[in-house]
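In what follows, a structure is listed as structure tokens, so that the remarks can point back to it.
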Amino acid sequence: MMPAARESLLDAAYTALQRRSWPTVRMVDVAAVAGVSRQTLYNEFGSKDGLARALVRRETDAYLAGADRALAEGGLPQLAEWTVTAARTNALVRAVLTGCWSPRLPAPPLSAVPSTSAVPAQRRADGPLPSPAELVALVRDRAVNTRVAPGAVKDEALRARQECELALRLALSCVIAPAGDGGVGRLVRETLEAAPQA
């Protein structure tokens, strides 16, 4: 199957999830919306659980791509804004970031599952999914790499790591309790500016 067709199936599954809880989403309905047979859907994902893993993987990858763009465009304040926006507008991203899976969402196990799929994208989806701590660490490390030049002194690297971790933790707290005027970006800027320099 072409990548575009796989994306159409994932789009159909995501749309179905917006309208109803995952336990009530039917494979036949997802296939119909995407304009393929149910057998094609099963050939691509193997099962409804495989579809769920692929959907969670795609939304996680989209969050990470957005995090990279945010870092390039505006650094830590923009990353924090992106994290809050992504988590508020996408229940799967919120669940992956916080570990809070509502019964209406698919909640695939984080560990890898045996994969017999001939589809490379599905074999990747069947691999391990990141825990919230792993995802935060991954984004934090990407952020550190944008702030610290290779060969930087240990203190600079440690400070950058702490600042990146702080920005992400502030963003996640604002997913639960929204920031006031100026949003989380302002909160991150002010917090980092107020932190004592080493």
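Only a predicted model underlies this, so the values are computations on that prediction, with no experimental measurement involved. Reckoned from all heavy atoms, side chains included, excluding hydrogens, waters and symmetry mates.
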Closest non-hydrogen atoms of Pro130 and Thr60, given as atom of the first, atom of the second and distance, are CG-CG2, 4.0 Å
Val188 reachable from Leu172 in the ILVMFWY side-chain graph, under 4.5 Å edges
yes
Residue pair Cys174 / Arg88: nearest heavy atoms and the distance that separates them:
O-NH2, 2.6 Å
Within the structure provided, determine whether Leu55 and Leu92 are in side-chain contact (heavy-atom separation under 4.5 Å).
yes
Measure the CG-CZ distance between Leu79 and Arg69 for me, rounded to the nearest 0.5 Å.
12.0 Å
Just list the side-chain donor-acceptor pairs under 3.5 Å for residues 25-32, sequence neighbours left out, or say none.
residue	atom	partner	partner atom	Å
Arg26	NE	Asp29	OD2	3.0
Arg26	NH2	Asp29	OD1	3.2

Side chain to side chain contact (heavy atoms under 4.5 Å, CB included) assessment of Val136 paired with Arg169:
CA-CA 8 Å; Val136 166; Arg169 298 291 175 182; 3.9 Å; yes
N/O donor-acceptor pair under 3.5 Å between Arg104 side chain and Leu17 backbone:
yes
Using a 3.5 Å distance criterion without hydrogens, assess whether the side chain of Ser173 forms a donor-acceptor pair with backbone atoms of Leu170.
yes
Joint cluster assignment, Val139 & Val148, ILVMFWY side-chain distance < 4.5 Å
no
Spatial distance of atom CG (Leu41) from atom OG (Ser8) [nearest 0.5 Å]
12.0 Å
Non-hydrogen side-chain atoms of Val96 and Val56 separated by less than 4.5 Å:
yes
Give me the atom names and distance for the closest heavy-atom approach of Ala52 to Trp22.
CB-CZ2, 3.8 Å
Transitively linked via ILVMFWY side-chain contacts under 4.5 Å: Leu168 with Leu138?
yes
To the nearest 0.5 Å, what is the distance between CZ on Arg6 and CG on Leu51?
8.5 Å
Taking atom CZ of Arg161 and atom CG of Leu158, what is their separation to the nearest 0.5 Å?
8.0 Å
Suppose we screen for side-chain hydrogen bond (donor to acceptor under 3.5 Å, both in side chains). Which residues come up paired with Glu156, at least two apart in sequence or across chains?
none
Are Leu10 and Tyr42 connected in a single hydrophobic cluster, I mean Ile/Leu/Val/Met/Phe/Trp/Tyr linked by side-chain heavy atoms less than 4.5 Å apart?
yes
Partner of Arg53 under side-chain contact (heavy atoms from CB on, under 4.5 Å), picked from Ser115, Ser47, Pro106, Pro109, is Pro109
Report the distance from atom CZ of Arg58 to atom OH of Tyr14, rounding to the nearest 0.5 Å.
8.0 Å
Is the side chain of Arg94 donor-acceptor paired with the backbone N or O of Trp101 at a distance under 3.5 Å, no angle test?
no
Sort and list the pairs that fulfil side-chain hydrogen bond (donor to acceptor under 3.5 Å, both in side chains) and have at least one residue in residues 174-189, not counting sequence neighbours.
Arg186-Glu190
What I'd like to find out is whether the side chain of Asp49 reaches to under 4.5 Å of the side chain of Pro108, using heavy atoms alone.
no
When rounded to the nearest 0.5 Å, the distance separating CG of Asn145 from CG of Leu71 is 10.0 Å
Give every residue pair that meets the salt bridge (Lys or Arg N to Asp or Glu O under 4.0 Å) criterion with at least one member in residues 120-133, sequence neighbours excluded.
Asp61-Arg124
Do Leu64 and Leu129 belong together in a cluster built from hydrophobic side chains that touch within less than 4.5 Å?
yes
Report yes or no: does Gln122 contribute a side-chain atom to a donor-acceptor pair with the main-chain N or O of Gly50 at less than 3.5 Å?
yes
What one should report as the nearest heavy-atom pair of Ser117 and Glu44 is OG-O, 4.3 Å
Gly99 and Pro132: which non-hydrogen atoms are nearest, and at how many Å?
N-CG, 3.4 Å
Between Val175 and Leu97, does the side chain to side chain contact (heavy atoms under 4.5 Å, CB included) criterion hold? Intermediate values first, please.
CA-CA 10 Å; Val175 169; Leu97 282 167; 5.9 Å; no
Here the salt bridge (Lys or Arg N to Asp or Glu O under 4.0 Å) pairs for residues 127-144, sequence neighbours left out, are Asp68-Arg142, Arg140-Glu165
Going by side-chain hydrogen bond (donor to acceptor under 3.5 Å, both in side chains), name the pairs with one or both residues in residues 76-85, residues two or more places apart or in two chains.
Tyr63-Thr83
Show the nearest heavy-atom pair for residues Asn43 and Val119, with the distance to one decimal.
O-CG2, 4.2 Å
